[in-house]
Amino acid sequence: MTNTPDSRSEGEKREPDAALVGWVMDRVSRWRSVRDSSYASQWEKYYAIWRGKWTTDLQNKSVERSRIIAPATQQAIDQTVAEMAEAVFGRGDWFDITDDADPQHQQLAELEKDTLLDDFAKDKIKAKVIETFQLGAIYGTGIAKRVIDEKKAPKFLSDKNGDPYASDDRRICVSWEAIPPYNFVIDSAATSIEDALGCAHETVRPIHEITDLQRTGEYKKGDVASASGYGSSNVLRGSLGDVYEVDPIDGVYITEYHGLVPKELLEGKEAEDSDADLREDAAEDETDGANDEIVEYVEAIITIGNGMTLLKAEENPILGGDRGVIAYQHHKSPNRFWGIGQAEKAYNSQVGLDAEIRARIDALGLITYPVIGADATRLPKNLNLKVSPGKVIMTQGKPSDVIEAIKFGNLDPISFQHSGDLERMVQMATGAADPATPINTNGMNGTSSGMSMAQGAVIKRAKLTMQNVDSDFLDPLVRKSLLAYMTLDPDRYPVDVKFRVNSTMSIMAREFEQMQMTNLLAIIPQESPAFPIVLTAIVENYSGPSKDKILQAIEQIGKPDPQKQQADQQQQQMQMQMMQAQLGKIQAEIAEVQSRASLNGVKGQAEMMKAHHEGQQLDFQASDQVLKNKSIEVQSRALDIQQQKLHQDNVNHSLNHAHDVNTTMPVDKAYELETAKLRMAAQKQAFTSARASATE
């Protein structure tokens, strides 16, 4: 039921707070109606299927007696959320500084990243992100709201006497709250948070919490009785929508609006018109292009209690008026704000699976428990025919003729195959393959190649979802958190740093990659440089408790022993010194050889000149010897001629003095003696010439 603030009598002066409240709640009410008409009934079914709670909306036929809900969709949702959480938080730091960070601020940026991670851990951001993943998988859209608060951060110190005490330190806390879609309304014409005129979070908070904030001055004074007004009934009923989950007496219906509002309303200008007239005028100002007065909007945060009490109204204090709400679609629905979740994908197959199982259970009841047909004319009046062990039934006649058991046949075995096929359809629709599915139901589980193909398809779909999560949810979450800290706590966050989310692979994708890298490692030789690289990659994907120690051990394998490395360095230095000494020696020898070569060149030239001179002397001596030999030959011939002359003279003498033969020396003896003297003289001269030549 929709309630509206009490309108004042015409002409009565209207308070400025009521004008702002009327402007906001009018839009929130219209946006909620559009949302509920399209999605409310379906969301209730999705939530009931995930929780396994039967409702009349899940009954397929009026004759159905069984209320079982198969856990196929629940398994797909839970597995998907687990994979997403593992992909984001499974590898240490889930965000890091981008590569284009300013080198001058690199150290500050690293410190700021560590501080932000520490603050996220204190504020349990991981749990809030996983809760948002859960809502996104069920309803199709994950929504989170930035909550800024100041919390105590006491430090335990000691006084002068050594007694411990706690300080009163406080810190700015920027946390995030997951918002169920049925508690969130947005401009019906928008496709994203940034495009919308505004959006609102509707919730119920305990009364004491609101009164405490009013007492401290955080909220304005006003009536905050039990929850009522506008959409309070929707919020009180919760996710199932059939019964109240919150007692209205215990809480206050809170509407927190984030978006643009007219500046004059935010500034609190009073108006003479009634609330209805103001809303009508504001609508005309927005839609009538011919209006001379253009409405000026500012980004603001408006908090309203019970649909009519303004508790807080302020211009957005964050840098640039950054809107503190983010949303992502689990699976994109083009040109729509609301996305498609796992429950919606599996809904038709889930309904068919439930109908099949319920029909089998209903039939099993008819087959298992006896149905009796009886002849009413032969039975005692008011006889209880309920069957129980040992019971005696009185009949008028033979019991077999009066009472007969009626059988309805047996279950058709084909229904088991139908159930398996419908479960497989749920997995096909959601992309959450279950490796525990029996082989006779899903033959792909019978072989490793079939499992690999199935996992590959699942991983591709999971990557598509993670791309939406990274770009539309995680990156804005980190950026918006940093902006809030930079605005409200600049001492701890002095630098504007760009971060990137390190979401990687889900556990299934990681196991699939592990299997591939293990097969690759088996064909790489251990001495290959690629072997330690692949081994390190395998261990990095490992999520066990000793991962860091294993990585350190692998890193140490590649590093030499420091002592051995030092000894090797000393040995290398000694070898270098020896090589340098040998090189110096070789260079000295080369210099000596070069100097000797230059000296020998001079000597060679002198020897060549000397040899040439000696050759000329030898030629002169040879020529002289030839002349001497010719002279000896001439002398020899002269001797021969002289001998011949002497011989002739002897002959003549013998003829002339024949009578003196007996008293004088014979002519032949004298001739021989003279010849011997000449020969000895010639030999002596030749020997003298030869000795002179040898001496020279």
Side-chain angles (χ1 to χ4, degrees), residues 85 88-89 93-98 108-133 135 142-155 168-179 183-184 193-194 199-201 203 205 209 212-213 216 218-219 254 256-259 299-303 311-328 469-503:
V88 177
F89 305 116
D93 296 347
W94 54 283
F95 64 86
D96 201 353
I97 302 172
T98 58
L108 287 175
E110 290 288 348
L111 179 61
E112 198 165 293
K113 184 198 79 170
D114 295 339
T115 304
L116 189 59
L117 285 170
D118 183 59
D119 286 341
F120 279 176
K122 292 178 181 178
D123 300 328
K124 301 179 181 180
I125 297 298
K126 288 184 179 180
K128 300 300 182 182
V129 170
I130 294 174
E131 185 179 354
T132 306
F133 289 165
L135 294 171
I143 309 168
K145 180 187 70 174
R146 181 174 56 200
V147 179
I148 300 174
D149 196 4
E150 187 177 7
K151 294 183 178 180
K152 292 182 178 180
K155 295 180 181 179
D168 296 331
D169 295 346
R170 304 179 71 86
R171 72 177 182 90
I172 298 297
C173 169
V174 179
S175 61
W176 291 84
E177 179 182 355
I179 303 177
N183 284 3
F184 184 78
I193 298 291
E194 292 75 15
C199 56
H201 176 207
T203 184
R205 303 303 303 168
E209 177 182 320
D212 286 345
L213 292 173
T216 59
E218 180 72 16
Y219 282 173
I254 298 295
E256 186 174 317
Y257 175 86
H258 293 253
E299 186 73 24
I301 301 175
I302 312 298
T303 304
L311 298 176
K312 188 175 182 179
E314 63 175 354
E315 189 171 346
N316 195 327
I318 308 302
L319 289 173
D322 182 68
R323 192 169 292 180
V325 181
I326 51 178
Y328 80 95
V469 172
D470 287 349
S471 62
D472 297 342
F473 183 70
L474 295 177
D475 283 340
L477 183 143
V478 176
R479 179 178 58 81
K480 289 176 179 292
S481 298
L482 181 61
L483 281 176
Y485 277 121
M486 289 174 59
T487 304
L488 305 175
D489 197 358
D491 294 336
R492 298 176 66 233
Y493 294 88
V495 182
D496 186 7
V497 182
K498 293 182 180 179
F499 292 103
R500 66 170 180 272
V501 177
N502 293 333
S503 63

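Position 1 is the first residue of the sequence, and the numbers go up from there.
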**Request:** Report the relative orientation of the aromatic rings in Trp94 and Phe120; use parallel for angles under 30°, tilted for 30 to 60°, perpendicular for over 60°.
**Result:** parallel
**Request:** Hey, could you give me the NZ/CD1 distance between Lys128 and Ile179, rounded to the nearest 0.5 Å?
**Result:** 11.0 Å
**Request:** List the atom of Val174, the atom of Tyr485, and the distance in Å for their closest heavy-atom pair.
**Result:** N-OH, 3.2 Å
**Message:** Side chains of Ile172 and Arg492, heavy atoms from C-beta outward: is any pair under 4.5 Å?
**Reply:** no
**Request:** Could you check if a side-chain atom of Leu117 sits within less than 4.5 angstrom of a side-chain atom of Phe95, using non-hydrogen atoms only?
**Result:** yes
**Prompt:** With a 4.5 Å limit on heavy-atom distance, are the side chains of Lys145 and His258 in contact?
**Reply:** yes
**Asked** Are side-chain heavy atoms of Ile326 and Ile193 found at a separation under 4.5 Å?
**Response** no
**Atom of Arg170, atom of Glu150 and distance for their closest heavy-atom approach** = NH2-O, 3.2 Å
**Rounded distance (nearest 0.5 Å) linking atom CD1 of Ile254 with atom CG of Leu311** = 5.0 Å
**Message:** Restricting to non-hydrogen atoms, name the atom on Ile143 and the atom on Ala327 that form the minimum distance, rounded to 0.1 Å.
**Reply:** CG1-CB, 4.0 Å
What pairs of donor and acceptor atoms, side-chain ones from residues 474-484 against any protein atom, are under 3.5 angstrom apart with sequence neighbours left out?
unit_1	atom_1	unit_2	atom_2	d
Lys480	NZ	Asp322	OD1	3.0
Lys480	NZ	Asp322	OD2	3.4
Lys480	NZ	Arg323	O	2.7
Ser481	OG	Trp176	NE1	2.8
Ser481	OG	Leu477	O	2.7

**Request:** For atom NZ of Lys124, decide whether the heavy atoms of other residues, nucleotides or ligands shown that lie under 6.0 angstrom number more than 12.
**Result:** no
**Prompt:** Testing Asp118, Asp123, Asp149 for salt bridge (charged side-chain N to carboxylate O under 4.0 Å, His left out) with Arg171, which one passes?
**Reply:** Asp123
**Request:** Anything under 30° is parallel, anything over 60° is perpendicular, the rest tilted; go ahead and classify Tyr328 against Phe473.
**Result:** tilted
**Item:** Distance in Å, Asp119 CG paired with Tyr493 OH, rounded so as to fall on 0.5 Å steps
**Value:** 3.5 Å
**Asked** Got a donor-acceptor contact below 3.5 angstrom from the Thr132 side chain to the Ala178 backbone?
**Response** no
**Asked** How close do Cys199 and Val325 get, heavy atom to heavy atom, and via which atoms?
**Response** SG-CG2, 4.1 Å
**Asked** Just wondering, do Lys312 and Ile301 contact through their side chains at under 4.5 Å, heavy atoms?
**Response** no
**Note, Ile148 side chain near Ile318 side chain (heavy atom, < 4.5 Å)** = yes
